[in-house]
Amino acid sequence: MRILIEKDYDAMSGRAAALIAEEIERNPRLVLGLPTGDTPVGTYERLVHLHKEAGLDFSEVKTFNLDEYAGLSAEDPNSYNRFMWDVFFGRINIGPAHVSIPKGDDPRPDEFCRRYEEKIKAVGGIDLQLLGIGGDGHIAFNEPGSSLGSRTRVVTLAKETIADNARHFGKKELVPRSAVTMGVGTIMEARRIILIASGKKKAAVTAQFIEGPVTSMIAASALQLHPSVTVILDEAAACKLRRLDHYRWIMTLEEERAGK
Ligand code: PGA
């Protein structure tokens, strides 16, 4: 894993957006996997800015979102569909035909999940997957205990996740109890993965998934087995890493090599 430590949330977001923009410039037909949550909002803001100010072109990019709450329609104000259109897709030049987001209210959810996997395969797989991480180590909604080989499916949300996300719904009783999510195995097939984490409340889980054992108790720890992962942290999220000095040392050498 390549570990990059930035000063704060803004710098973390800028770094993530720059790496994504580089990949889009290299391959305008990039297939991009995308997360929701508070963490990626700054990255989306930066990408919107690059689109508006520097002409970053999304017209041929295809996107696949990680997850959606079960039972919520695409129009529900709390749906991840609405979030993505408000925060990102509605502000760049991407059309609905190039956007895929799991459907929370499909009458045949298992069939939907199978088709979602097929759709990813049909476009040649995900080139670049952006991820956040939950306080319980989840990536997408793969809660502790999710098989590291799991595929897109309906899952039950952990109590901790329901409590974390209650802020968006007003109170935790209103948070759906289940979700449709890409599996850990689905995510691991992406060619390149960038995980972003920010703030002190992510410090413990960040140290666990980077430096602890690979375990289904921390879904993100599976990324240790992936050949191309970049983790971008702010100082607060990085503060519990045992090998912090070593990661900083690598960054210094990289910067020297790049002549910065
Ligand atoms: P957050 O959520 O970005 O809102 O902290 C991350 C996640 O649960 O994956």
Side-chain angles (χ1 to χ4, degrees), residues 1-6 12-27 29-44 46-47 61-67 80 84 88 100-102 116-117 119-121 123-134 136-143 146-152 181-198 202 205-216 218-234 237-238 241 247 250-251 254:
M1 278 196 247
R2 182 173 180 223
I3 315 291
L4 302 177
I5 297 145
E6 298 291 345
M12 176 205 76
S13 303
R15 186 80 177 239
L19 291 180
I20 295 166
E22 243 173 57
E23 294 274 352
I24 294 172
E25 272 154 16
R26 198 174 304 141
N27 173 14
R29 300 172 69 91
L30 197 76
V31 180
L32 193 52
L34 294 174
T36 47
D38 290 342
T39 313
V41 170
T43 305
Y44 293 143
R46 296 295 190 107
L47 287 170
V61 171
K62 291 196 176 77
T63 66
F64 285 86
N65 263 79
L66 289 170
D67 45 20
Y80 283 159
M84 288 307 298
F88 191 38
S100 299
I101 303 177
Y116 202 67
E117 292 267 341
K119 201 170 172 189
I120 294 172
K121 283 208 179 79
V123 298
I126 292 173
D127 295 308
L128 175 61
Q129 176 68 58
L130 180 66
L131 294 174
I133 181 169
D136 63 0
H138 70 211
I139 45 176
F141 272 136
N142 294 287
E143 303 288 25
S146 291
S147 159
L148 301 186
S150 53
R151 312 301 308 188
T152 303
T181 183
M182 274 190 211
V184 182
T186 321
I187 292 168
M188 290 290 283
E189 282 171 11
R191 290 183 188 91
R192 181 178 181 192
I193 295 176
I194 296 174
L195 185 147
I196 50 177
S198 160
K202 297 287 171 71
V205 78
T206 294
Q208 278 178 299
F209 96 84
I210 295 174
E211 297 178 332
V214 174
T215 167
S216 63
I218 304 280
S221 67
L223 301 178
Q224 291 179 30
L225 302 173
H226 191 284
S228 181
V229 175
T230 304
V231 180
I232 311 175
L233 305 168
D234 64 8
L241 288 166
Y247 310 132
I250 295 172
M251 280 180 72
E254 277 184 4

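Fair warning: this is a prediction, and the values are worked out from it, not measured in the lab.
Between the OG1 atom in Thr230 and the CG atom in Leu195 there is a gap of 10.0 Å [rounded to 0.5 Å]. Here Leu66 contributes atom CG and Ile187 contributes atom CD1; the two are 5.0 Å apart, rounded to the nearest 0.5 Å. Note that OG1 of Thr36 is 4.0 Å distant from OH of Tyr80, once rounded to the nearest 0.5 Å. The line from CG of Leu47 to OG of Ser13 is 10.0 Å long, rounded to the nearest 0.5 Å. With rounding to the nearest 0.5 Å, the separation of OG in Ser146 from CD1 in Ile218 is 11.5 Å.
Across all non-hydrogen atoms, the minimal contact from Gly14 to Arg46 is CA-NH1, 3.4 Å. Taking every heavy atom of both residues into account, Ile193 and Ala190 meet most closely at CG1-CB, 4.1 Å. The shortest heavy-atom contact between Ile101 and Met84 is CD1-CB, 4.1 Å. Pro35 and Gly132 get closest at one heavy-atom pair: CB-N, 4.1 Å. Here the closest heavy-atom approach between residue Ile196 and residue Met12 is recorded as CB-SD, 3.9 Å. The shortest non-hydrogen separation linking Ala238 to Leu233 is CB-CD1, 3.9 Å.
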Quiz prompt | Verdict with reasoning, Glu189 to Arg151, per salt bridge (Lys or Arg N to Asp or Glu O under 4.0 Å) | solution = CA-CA 11 Å; Glu189 282 171 11; Arg151 312 301 308 188; 2.9 Å; yes
Self-check item: Verdict with supporting geometry, Val31 and Phe64, side chain to side chain contact (heavy atoms under 4.5 Å, CB included)
Solution: CA-CA 8 Å; Val31 180; Phe64 285 86; 3.8 Å; yes
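With respect to Ile194, the side chain to side chain contact (heavy atoms under 4.5 Å, CB included) criterion is satisfied by exactly one of Leu128, Val229, Leu131, Val231: Leu128. Of the residues listed (Thr181, Asn142, Thr152, Ile126), the one engaging Thr186 in a side chain to side chain contact (heavy atoms under 4.5 Å, CB included) is Thr152, and it is the only one.
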Please table the atom pairs, donor to acceptor, closer than 3.5 Å between any side-chain atom in residues 15-25 and protein atoms at least two apart or in another chain.
{"from": "Arg15", "atom 1": "NH1", "to": "Glu6", "atom 2": "OE2", "distance (Å)": "2.8"}
{"from": "Glu23", "atom 1": "OE2", "to": "Arg192", "atom 2": "NH1", "distance (Å)": "2.6"}

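Applying the side-chain hydrogen bond (donor to acceptor under 3.5 Å, both in side chains) criterion to Tyr116, with sequence neighbours excluded, gives no partner residue. Legend: residues meeting side-chain hydrogen bond (donor to acceptor under 3.5 Å, both in side chains) with Thr39, ordered by chain and number and at least two apart, are absent. Judged as a ring pair (Phe, Tyr, Trp, His ring centres under 6.0 Å), and not counting sequence neighbours, Phe209 has no contacts. For the side-chain hydrogen bond (donor to acceptor under 3.5 Å, both in side chains) test, residues two or more places apart in sequence or in another chain that qualify with Glu143 are His138, Thr161. Glu254 pairs by the salt bridge (charged side-chain N to carboxylate O under 4.0 Å, His left out) definition with Arg2, not counting sequence neighbours. Listed by chain and residue number, Ser100 satisfy the side-chain hydrogen bond (donor to acceptor under 3.5 Å, both in side chains) test with Lys119 (two or more places apart in sequence, or in another chain). Among residues two or more places apart in sequence or in another chain, the ring pair (Phe, Tyr, Trp, His ring centres under 6.0 Å) test is passed with Phe88 by Tyr44, Phe58. Considering only residues two or more places apart in sequence or on other chains, Asp127 meets the salt bridge (charged side-chain N to carboxylate O under 4.0 Å, His left out) condition with Arg191. Partners of Ala222 according to the side-chain contact (heavy atoms from CB on, under 4.5 Å) rule, which considers only residues two or more places apart in sequence or in another chain, are Leu148, Val184, Met188.
The backbone N or O of Arg29 sits nowhere less than 3.5 Å from a side-chain atom of Lys62 that would complete a donor-acceptor pair. Listed for the Asn65 side chain is no donor-acceptor partner under 3.5 Å among the backbone atoms of Asp67. Thr206 places a side-chain N or O within donor-acceptor distance of the main-chain N or O of Lys202, the cut-off being under 3.5 Å.
Side-chain N/O atoms of Gln208 and Ser221 include no donor and acceptor closer than 3.5 Å.
Counting only heavy atoms from C-beta outward, the side chains of Met182 and Gln129 approach each other to under 4.5 Å. Residues Leu241 and Ile210 are in side-chain contact: their nearest non-hydrogen atoms beyond the backbone lie under 4.5 Å apart.
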